[in-house]
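In what follows, a single structure is set out as structure tokens and then discussed.
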2 protein chains.
Amino acid sequence: MKPSPHQDHPWVAVDVVIFTIDEGVLKALLVNLKEGPFRGHWAFPGGLVSLGESIDAAAIRELSEKTGLRHIYLEQLCTFGDPHRDPRAHVVSVAYFALLPRADRRLAEHPKYARLEWRAVTALPPLAYDHNRIAAYALDRLRAKLAYTNIVYSLLPDEFTLGELQEIYEMILGTTLDRRNFRKKLLAAGLLRALPRVRRGPHRPATLYAFAQRRPMNIPIL
Amino acid sequence: MKPSPHQDHPWVAVDVVIFTIDEGVLKALLVNLKEGPFRGHWAFPGGLVSLGESIDAAAIRELSEKTGLRHIYLEQLCTFGDPHRDPRAHVVSVAYFALLPRADRRLAEHPKYARLEWRAVTALPPLAYDHNRIAAYALDRLRAKLAYTNIVYSLLPDEFTLGELQEIYEMILGTTLDRRNFRKKLLAAGLLRALPRVRRGPHRPATLYAFAQRRPMNIPIL
DNA sequence: GCAAAAGTGTTGAGATTACACCCATGC
DNA sequence: GCATGGGTGTAATCTCAACACTTTTGC
């Protein structure tokens with residue numbers, strides 16, 4: 001690794017796939033590009049990494065610029081480095097994925113983009129760059145991680161019912177799960193804490209739960 | 001993502017952790033640096049990505065420059081982007097790991113490095129940059145992948161005995177495995193083909209096996 | 001004949017699945 | 001009182017782990 005300042009090099013960018021649950025569906029945040037060869041196309045939010053800025057910091061910056069939020073679950077996915085993925089220049093992009101609780105979904109306005117929208121991951125439009133590949137990759141990773149980590153806490157508000165939790169699992173995995181077995185496994189995993197309160201609705205009240213620990217852990221769940 | 005050519009940007013490099021089995025031990029290829037702030041230190045082979053070169057191509061190039069080999073198992077690991085990981089400049093490094101069959105271990109000479117050496121992964125010296133982190137990460141990934149992919153074929157010659165295969169699993173995982181259960185599982189996975197030949201040695205001859213398919217597949221093994 | 005690795009099945013425990021009925025509430 | 005989601009237990013199956021002896025060869 002011998003930096004030679006007189007030679008041209010690729011640029012480095014980050015792109016962030018931000019997932020959330022909205023209207024009972026798993027959605028991702030898309031931005032509509034105002035400029036460049038993909039003007040008018042949808043893409044995941046992203047941008048160049050500045051000199052002296054760590055790539056994690058760049059991803060956090062993107063997140064907070066676009067959603068106004070910090071302290072969100074954020075994980076590096078994969079790096080895409082095909083020289084032709086951006087027609088303007090060779091841009092190596094480090095993809096991240098983030099999980100947003102459904103409670104907080106206000107979106108910051110941003111001069112760089114025409115619009116920001118939450119779109120169902122099962123019906124994404126054709127995206128700019130290689131972002132459809134990033135989307136597929138992110139969704140695979142999210143599905144895999146549901147089974148052996150507790151990161152689903154990042155998609156949930158502080159309090160939730162077991163029914164709501166199961167609904168999220170089913171939505172993301174695209175399957176249905178047996179209610180009794182699901183409850184047994186999740187309670188056996190010891191990640192949840194029953195609260196002395198219930199959620200009232202049109203039917204029988206449901207016990208509210210909270211995560212005992214709101215930090216990422218590797219634990220077999222399903 | 002709006003490239004602005006007048007601004008300085010980080011550079012992009014690849015670093016490759018090349019594993020092989022040697023003398024009954026899992027080893028990684030280290031290079032001794034001739035220049036730079038880590039002169040005299042050991043590191044994994046790596047180098048800057050050229051403009052117009054995909055990062056996968058850069059990793060393949062590193063591999064073939066250092067080992068003279070192509071068509072080796074190669075997988076992207078993770079990207080490290082701390083601005084201070086290289087004291088000279090902000091270099092974002094995409095780490096890869098590669099698996100080399102033990103048969104082919106001749107090493108190409110390389111003007112950039114003082115020496116190339118295979119070193120046991122359980123006793124790596126302090127490495128340049130953040131390469132000890134990369135090493136830990138690569139080893140974790142390799143261990144995890146043994147259980148649910150067939151990539152171990154990349155560490156083995158065309159023909160091998162079940163005993164040799166088990167030895168490799170035990171070596172990498174750092175555990176011992178029950179021989180009967182191990183054989184049952186591997187044969188049940190259907191990845192192996194018994195050859196009509198045996199390996200003769202000082203004791204009872206062992207049936208030789210080959211992998212039915214020498215390409216990466218995700219299949220539960222252990 | 002003996003040392004050393006190869007080869008082979010069974011059993012018990014634990015985990016996982018499948019499955020049906022009553023409960024509490026709002027309307 | 002009825003529609004709706006909440007809450008609960010058991011039996012059958014499958015998977016996984018533990019375990020010991022015989023075989024074949026080189027020396």
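Letters A, B, ... are given to chains in the order of the sequence lines, protein chains preceding strands, and every chain is numbered from 1.
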Separation of A:Leu208 atom CG from D:dG6 atom P, in whole Å? 11 Å
Rounded to the nearest angstrom, tell me the gap between atom CG in B:Leu162 and atom P in D:dT23. 20 Å
Here the pair of heavy atoms bringing A:Arg119 nearest to A:Leu30 is CG-CD1, 3.6 Å
Taking atom P of D:dC16 as reference, at what distance in whole Å does atom CZ of B:Phe182 sit? 15 Å
Considering just the side-chain nitrogens and oxygens of B:Lys185, establish if one lies under 4.0 Å of OP1 or OP2 belonging to D:dT15. no
Kindly give the atom pairs (protein nitrogen or oxygen, nucleotide nitrogen or oxygen) under 3.5 Å for nucleotides 24-27 of chain C.
unit_1, atom_1, unit_2, atom_2, d
C:dG26, O4', A:Pro202, O, 2.7

Mind calculating the distance between CG (B:Leu186) and C1' (C:dA6) to the nearest angstrom? 16 Å
Can you tabulate the close N/O pairs, meaning under 3.5 Å, that link protein atoms to atoms of nucleotides 9-14 of chain D?
unit_1, atom_1, unit_2, atom_2, d
D:dT10, O4, A:Lys184, NZ, 3.0

Please list every donor-acceptor pair under 3.5 Å in which a side-chain atom of residues 182-189 of chain B meets a protein atom from a residue at least two apart or in another chain.
unit_1, atom_1, unit_2, atom_2, d
B:Lys184, NZ, B:Asn181, OD1, 3.2

On the 0 to 90° scale, with breaks at 30° and 60°, tag the B:Tyr153-B:Tyr73 ring pair as parallel, tilted or perpendicular. perpendicular
Ring-plane angle category for A:Tyr129 and A:His131, please: parallel below 30°, perpendicular beyond 60°, tilted otherwise. tilted
Measure the distance from CD on B:Gln166 to C1' on C:dG7 and round it to the nearest whole Å. 12 Å
For B:Arg197, does the CZ atom sit with more than 12 other heavy atoms under 6.0 Å from it, leaving out its own atoms? no
More than 12 heavy atoms from other groups under 6.0 Å of CZ on B:Arg143: yes
In whole angstroms, how far is the P atom of C:dT16 from the CZ atom of A:Arg183? 19 Å
d(CD, A:Glu170; C1', D:dG5) in whole Å: 13 Å
Can we say A:Arg133 and A:Asp82 salt-bridge, meaning some charged N sits less than 4.0 Å from an Asp/Glu carboxylate O? no
Spacing between A:Arg179 atom CZ and C:dA20 atom P, to the nearest angstrom: 13 Å
Phosphate oxygens OP1/OP2 of D:dG6: is one of them under 4.0 Å from a side-chain N or O of A:Thr207? no
Applying the side chain to side chain contact (heavy atoms under 4.5 Å, CB included) criterion to A:Tyr96, which one of A:Ile18, A:Asp15, A:Val17, A:Asp56 satisfies it? A:Asp56
Would you compute the distance between atom CG of A:Leu116 and atom CH2 of A:Trp42 and round it to the nearest 0.5 angstrom? 8.0 Å
